[in-house]
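Since the structure is predicted, the reported quantities are computational estimates derived from the model, not experimental observations.
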Amino acid sequence: MYMKRTLLTFGIFAVAMLLSCVASAKNKIGYPTVDGWEYIVYDDGTADLTKAPGATGAVVIPETITYEGNTYTVTKLGDSLFDSNVNITAIQLPSGLKELGGRAIAWCTNLETVTGGPEELEHIGQYNFVDSKWRANQPDGPVYFKKWLIGCNGTYSEDVFAMPEGTIGMMSEGNYDGIQSKVFRIPASVAYILAKDLTDFYHGLQYLERFEVDEANKFFFNDEVGAIYSKNKTERAHDVDYTGISLDALPIANPVKVYNVLPGTKIISDKALNTKGMEQFNVPEGVEYIGYNVFRFNPPKNIDLPSTIKEMTACFYSAKKTETVVLRAATVPAYNYNLFDFCSLITLYVPDVSVDAYKAVAEFARVKQILPLSQYLAVKDITDGESSADVTAIYGIDGSVRTALQPGINIVRYSDGTARKVMHRE
């Protein structure tokens, strides 16, 4: 069963290119009411059905409407159009339909039959078909509609879950926790997938270890560990757009203890990290934005953030197991008011010249203590011998993060909290 809830949207996938192109190519020119139903019409000859008061029984969505002598093709069912309408038993969709808005057909508990429409849709918004008889009557396993994955009935227990080639996207808030696979494969055809739905702490895929994306996919890719990245994503916060490569999600059951975000990444997406048992999370220079709840559930023990960070939303909220955060930004980044709520165990290391600036910000002062970065980088002057502990991070002598030992002197930190200088020769 689904619990009805309000969806707060904090970011927009740039991969929904078809939608953005359509939206930018047309202008609203009228708001007609036809046969008691309300529409928006556009200068490209299309129309959205936005309100359908009195809809009951077997509903037929018209193919076209006429307004001021012009004919418009109905291409979208608007947001919340039939939300919680318990009187509808059947819907016939128009052949020109392109999009179901969020909750357009949601919590219609007596809806049993859905017919018509094209073979595929450009987009399906969140919650469509939840708690309907139509959805309940689909066979156990993954549920698809118009080439979109929209949920999972019952349990799917194969080790590999593979979306078929031709699938366009995955509906947000579709309830996928019945998928017990270790691997989630995404074909070249997929243009929209909200990975955080699959790695959500409460309703995500609890057994999932890795994503595998077809190399021909234009929008997403996976790294060697199995994390999924967007090639071009936009997150908007405080009227600023952050656009570029985004770490979208690392699966919950991924066994990695130390994770290095890929160089070239610009965004750490909302809820990207719910991985169990991680010790160290290293973010490279170039990352500018960290989304909300990234470190809230199953947080890493230690986190290293670059000097390029410009904005952090409530990413640390309730990160009760995190002990050390290195933040190399000399200027205090933009933040949400509850950034460090319930983070009393965190020692925050910041550039020496910026310690007072961070301490002066009440939200940052919620942590256990704020210390100069030089104390974190202080190491034993030992260049020989090996530690039995795992390597958690490697730095240059200037404090820059490295993904591997480089020729010359390296500062290596270990999982037991020690650090040492290591001379590396090619």
Enquirer: For a ring-ring contact (aromatic ring centres under 6.0 Å, His included) check, start with the C-alpha distance between Y39 and Y67, then their side-chain angles and the critical distance, and finish with the verdict.
Expert: CA-CA 10 Å; Y39 297 83; Y67 174 62; over 10 Å; no
Enquirer: Under the 6.0 Å and 45° cation-pi test, does R413 pair with Y376?
Expert: yes
Enquirer: As a quick check of understanding, evaluate side-chain contact (heavy atoms from CB on, under 4.5 Å) for R135 and N153, giving each step before the final call.
Expert: CA-CA 8 Å; R135 166 69 184 270; N153 283 356; 2.9 Å; yes
Enquirer: Taking C-beta and beyond as the side chain, do Y259 and T275 meet within less than 4.5 Å on heavy atoms?
Expert: no
Enquirer: Using side-chain heavy atoms (C-beta onward) and a distance below 4.5 Å, is P333 in contact with L327?
Expert: yes
Enquirer: Under a 3.5 Å cutoff, is there a donor and acceptor pairing between the side chains of D304 and N282?
Expert: no
Enquirer: Which distance, rounded to the nearest 0.5 Å, do you find between the CD of E99 and the NE2 of H123?
Expert: 5.5 Å
Enquirer: Which distance, rounded to the nearest 0.5 Å, do you find between the CD1 of I88 and the CG of N110?
Expert: 10.0 Å
Enquirer: Looking at E311, E235, E288, which one forms a side chain to side chain donor-acceptor pair (under 3.5 Å) with Y242?
Expert: E311
Enquirer: If you compare all heavy atoms of V325 against all heavy atoms of F316, which two are closest, and at what distance to 0.1 Å?
Expert: CG2-CE2, 3.7 Å
Enquirer: Taking CD in Q369 as the centre, count heavy atoms belonging to other residues, nucleotides or ligands within less than 6.0 Å. Is the count above 12?
Expert: yes
Enquirer: Can you tell me how far apart CH2 (W148) and CE (M163) are? Round to the nearest 0.5 Å.
Expert: 9.0 Å
Enquirer: Under 3.5 Å, side chain of S246 to main-chain N/O of T265, donor-acceptor pair present?
Expert: no
Enquirer: Mind listing the closest non-hydrogen atom pair of I61 and L49 along with its distance?
Expert: CD1-CD2, 3.9 Å
Enquirer: Under the ring-ring contact (aromatic ring centres under 6.0 Å, His included) criterion, do F364 and Y335 qualify, and how do the steps go?
Expert: CA-CA 9 Å; F364 286 83; Y335 59 91; 5.5 Å; yes
Enquirer: Does D43 use its side chain to pair, donor to acceptor, with the backbone of K26 at less than 3.5 Å?
Expert: no
Enquirer: So does T50 get a backbone contact from the side chain of D48, meaning a donor-acceptor N/O pair under 3.5 Å?
Expert: no
Enquirer: Indicate yes or no for a side-chain donor-acceptor contact from T234 to the backbone of T243 under 3.5 Å, with no hydrogens or angles considered.
Expert: no
Enquirer: Mark yes when over 12 heavy atoms from residues, nucleotides or ligands other than Y156 sit less than 6.0 Å from its OH; otherwise mark no.
Expert: yes
Enquirer: Any side-chain heavy atom of V326 sitting closer than 4.5 Å to one from L373?
Expert: yes
Enquirer: Of the non-hydrogen atoms in E285 and S307, which two are nearest, and what is the gap between them?
Expert: OE1-OG, 2.5 Å
Enquirer: Do the charged groups of D241 and R236 touch, with an N to O distance under 4.0 Å?
Expert: yes
Enquirer: Kindly say whether V412 contributes a backbone atom to a donor-acceptor pair with the side chain of N410 at under 3.5 angstrom?
Expert: no
Enquirer: Is it true that K271 and D197 make a salt bridge, defined as a side-chain N closer than 4.0 Å to a carboxylate O?
Expert: no
Enquirer: Under a 3.5 Å distance rule, please check whether D177 uses its side chain to pair with a backbone N or O of Q206 as donor and acceptor.
Expert: no
Enquirer: To the nearest 0.5 Å, tell me how far I40 CD1 sits from K76 NZ.
Expert: 8.0 Å
Enquirer: Going from CE on M170 to CG on L198, what distance comes out if it is rounded to the nearest 0.5 angstrom?
Expert: 4.0 Å
Enquirer: With heavy-atom distances below 4.5 Å as the criterion, would you say the side chains of K368 and F340 are in contact?
Expert: no
Enquirer: Indicate yes or no for a side-chain donor-acceptor contact from T113 to the backbone of A90 under 3.5 Å, with no hydrogens or angles considered.
Expert: no
Enquirer: Is the distance from the ring center of F211 to that of F220 below 6.0 Å?
Expert: no
Enquirer: So, the side chain of D248 versus the backbone of I228: is there a donor-acceptor pair under 3.5 Å, distance only?
Expert: no
Enquirer: Starting at CD1 of I394, measure out to CD of Q406 and round the result to the nearest 0.5 Å.
Expert: 8.5 Å
Enquirer: Keeping E165 on the side-chain end and A188 on the backbone end, is there a donor-acceptor pair under 3.5 Å?
Expert: yes
Enquirer: What pair of heavy atoms forms the shortest contact from P118 to L97, and how long is it?
Expert: CG-O, 3.1 Å
Enquirer: Would you call K257 and E279 a salt bridge, taking side-chain N to carboxylate O under 4.0 Å as the test?
Expert: no
Enquirer: Parallel, tilted or perpendicular: which fits the ring planes of Y317 and F342, with parallel below 30° and perpendicular above 60°?
Expert: perpendicular
Enquirer: Any sub-3.5 Å donor-acceptor pair from N85's side-chain atoms to T56's backbone N or O?
Expert: no
Enquirer: Hey, mind stepping through F297 and Y202 against ring-ring contact (aromatic ring centres under 6.0 Å, His included) and telling me if it holds?
Expert: CA-CA 10 Å; F297 305 106; Y202 296 108; 5.5 Å; yes
Enquirer: Tell me, yes or no, whether the heavy-atom count around K146 atom NZ, taken from other residues, nucleotides or ligands under 6.0 Å, exceeds 12.
Expert: yes
